[in-house]
Amino acid sequence: MSKKLRSDIKRGQVELMVIDPNQHMTYQPFLPEAAAGNISPRHGVVPLRQALKHCTIVTAGVTEIRHAERKLTIQPFTGPTREIEYDEVIIAPGSVSRPLPIPGLAEIAIGIKTMGEAIWLRNHVLQRFDIAATTDDPDVRRKALTFVTVGGGFAGAETLGELEDLTSTVVENYPEIDPSEIKWYLVEYADKIMPEVGPQMGAYAARQLTKRGVDIRLGTTLKSCEGGHVVLTDGEEFDSDTIIWTAGVMPNPLLKQTDLPIGPKGHLEANTRLQVATGVEAGTDQIGEVVEDAWGAGDSTQVPDTTDFPLPYCTPSAQHAVRQAAILADNVYRRHVGRELQPYKHKYIGSVAGLGLYKGVANTYGFKAKGLLAWLMHRGYHLSRVPGVGRKGRILADWIVGFFTKREMVQLGEIHAGREPFEAIAAGSDPVRAQKSAE
């Protein structure tokens, strides 16, 4: 949008303001690769000020939107809240992990929606090997080397595939640990995994993960995990230090703090022009009753799917979010210059997924691939979608270096408690003990 309105921005006729609590955009399909160490975490994010040079960037969280007054409230990192007036608003806060009221889940589980979670997860998984290698307690050892992923969709299967591949390599550097001691579980409520790639490729992915030693529990849910004691609905019980939660997403809670129309599942209601609107039937191209000067797109917006896809609304995926962003930007510009708005229509191109180094599945335009070819398709597609030539080059360099060198196994858990050692020294305490207690 800033490119289309560049001349008006330079003349001071238009101001585009981007408000986000982070100063970067995360390319979420690369989170599993970042967790496995295949790419640098810095290369999986895009700095907003660098990418949006013609926009005003405000690093703050939006706490309330009063569209009837054309005002919103933000909370900066420091200081009191403040109000910002606007003429038009585009709401695209994305989705967040959808936790369930499972005993122990909030205390022990970790999601995989942000780069911070990916870094924490990598450090945590690698640290389990040092714990297992230095303890004499078999229960502690068994708990440290047992890993659970809940949710068999894209996020769950890709994250498990990458991390299982990582642990199978890392264990070679620990003579104290037998590879058979490492246990990976994939818990999925449905009767199949990775429905996005179709039943045939999903079944292939399940077979390949099973061959790698992953215990896949279909038709099963997590009943509780208090204190790391995992109880599944199929009756299985065991202890685990690592529970990765990928069982669904939900709209950003920000939407509850607006006066805009919200659908039954908490999504912002919109038509196919990506205007916020009410009275739009699912799967149709109806305009509905438009809320003027309000737009929405991405995971938190309920946009009718007018194709033959079996679901009535567009799914919360990067494929839709990227395409909707382009149509939304074009429609805002069209509205600005008085042209007719265009509906969002898409052709389903399929899906690609990585399951570790040189492993993957793909189903694009009816062409099915697996193994190395699918893995190359997965990397090629996502590399093409990352914004910026420089960032593409950095990611490609990470992959090339990784191809010719051994996998990096350093964990930097101390970054999560960076000041504790200094504080301990200043207070006259043991910095090592302070750091370990913080971790």
Side-chain angles (χ1 to χ4, degrees), residues 27-33 35-36 38-39 44 95 112 149-165 184 186-212 214 216-219 246-249 283 298-299 303-326 344-386 395 399:
Y27 189 71
Q28 292 192 2
F30 278 153
L31 291 179
E33 291 222 36
N38 295 332
I39 64 171
S95 58
I112 188 74
T149 300
V150 183
F154 251 37
E158 285 195 300
T159 301
L160 182 147
E162 293 288 353
L163 289 176
E164 188 281 330
D165 198 49
W184 276 96
L186 178 58
V187 180
E188 169 55 45
Y189 172 75
D191 60 355
K192 56 187 176 182
I193 68 169
M194 302 187 75
E196 301 92 338
V197 295
Q200 183 179 351
M201 291 295 98
Y204 168 81
R207 290 195 301 270
Q208 293 304 306
L209 290 175
T210 301
K211 288 180 181 179
R212 289 159 58 180
V214 177
I216 300 178
R217 302 297 180 97
L218 300 179
T246 66
V249 296
D299 292 3
V303 180
D305 191 331
T306 57
T307 66
D308 295 329
F309 199 68
L311 297 178
Y313 297 103
C314 297
T315 56
S317 65
Q319 190 173 135
H320 281 301
V322 170
R323 294 177 175 186
Q324 288 176 8
Y344 171 68
K345 295 180 180 180
H346 74 96
K347 182 178 180 180
Y348 181 67
I349 65 172
S351 299
V352 291
L355 298 172
L357 286 176
Y358 319 123
K359 311 172 188 75
V361 290
N363 185 355
T364 60
Y365 297 112
F367 173 74
K368 298 179 177 64
K370 54 191 177 184
L372 178 61
L373 177 59
W375 178 77
L376 291 172
M377 292 171 63
H378 158 74
R379 285 200 161 181
Y381 172 78
H382 288 302
L383 183 64
S384 71
R385 296 294 173 177
V386 175
I395 292 171
W399 288 342

Checking the side chain of Thr246 only, and the main-chain atoms of Gly151 only, is there a donor and an acceptor separated by less than 3.5 Å?
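Yes.
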
Using modelled atom types and a 3.5 Å cut-off, is there a donor and acceptor pairing between side-chain atoms of Arg323 and backbone atoms of Tyr344?
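Flag not set: sc Arg323 to bb Tyr344 has no pair under 3.5 Å.
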
Closest non-hydrogen atom pair between [X] and [Y], with its separation:
X: Tyr204; Y: Gly371; answer: OH-N, 3.7 Å
X: Asp299; Y: Ser317; answer: OD1-N, 3.6 Å
X: Pro316; Y: Val249; answer: CG-CG2, 4.1 Å
X: Ala157; Y: Gly152; answer: CB-O, 4.4 Å
X: Cys314; Y: Pro304; answer: SG-O, 4.0 Å
X: Gln324; Y: Gly298; answer: OE1-N, 2.8 Å

May I have all residue pairs that pass side-chain hydrogen bond (donor to acceptor under 3.5 Å, both in side chains) and include part of residues 349-361, sequence neighbours excluded?
Asp165-Lys359, Tyr348-Ser351

Does a side-chain heavy-atom distance below 4.5 Å link [X] with [Y]?
X: Glu188; Y: Ile216; result: no
X: Glu158; Y: His378; result: yes
X: Leu209; Y: Trp184; result: no
X: His346; Y: His320; result: yes
X: Leu31; Y: Thr159; result: no
X: Tyr27; Y: Ile395; result: no

Using the side chain to side chain contact (heavy atoms under 4.5 Å, CB included) rule, take Trp375 and Leu357 through it: C-alpha gap first, then chi angles, then the decisive distance, then the call.
CA-CA 8 Å; Trp375 178 77; Leu357 286 176; 4.2 Å; yes

In sequence, state the C-alpha distance, the side-chain angles, and the governing distance for Glu164 and Thr149, and then conclude on side chain to side chain contact (heavy atoms under 4.5 Å, CB included).
CA-CA 11 Å; Glu164 188 281 330; Thr149 300; over 6 Å; no

Got a second to check how far [X]'s [atom1] is from [Y]'s [atom2], nearest 0.5 Å?
X: Leu218; Y: Leu186; atom1: CG; atom2: CG; value: 7.5 Å
X: Met377; Y: His382; atom1: CE; atom2: NE2; value: 11.0 Å
X: Tyr313; Y: Thr315; atom1: OH; atom2: OG1; value: 14.0 Å

Let me see the working for Asn38 and Phe30 under side chain to side chain contact (heavy atoms under 4.5 Å, CB included), right down to the final yes or no.
CA-CA 9 Å; Asn38 295 332; Phe30 278 153; over 6 Å; no

Listed by chain and number, what are the salt bridge (charged side-chain N to carboxylate O under 4.0 Å, His left out) partners of Glu33, not counting sequence neighbours?
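Salt bridge (charged side-chain N to carboxylate O under 4.0 Å, His left out) check on Glu33 returns Arg379.
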
Applying side chain to side chain donor-acceptor pair (under 3.5 Å), can you list everything that pairs with Tyr381, at least two apart in sequence or on another chain?
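Partners of Tyr381 under the side chain to side chain donor-acceptor pair (under 3.5 Å) test: none.
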
Start with the C-alpha gap between Asn363 and Gln200, add the side-chain angles, then the distance that decides, and say whether side chain to side chain contact (heavy atoms under 4.5 Å, CB included) holds.
CA-CA 9 Å; Asn363 185 355; Gln200 183 179 351; over 6 Å; no

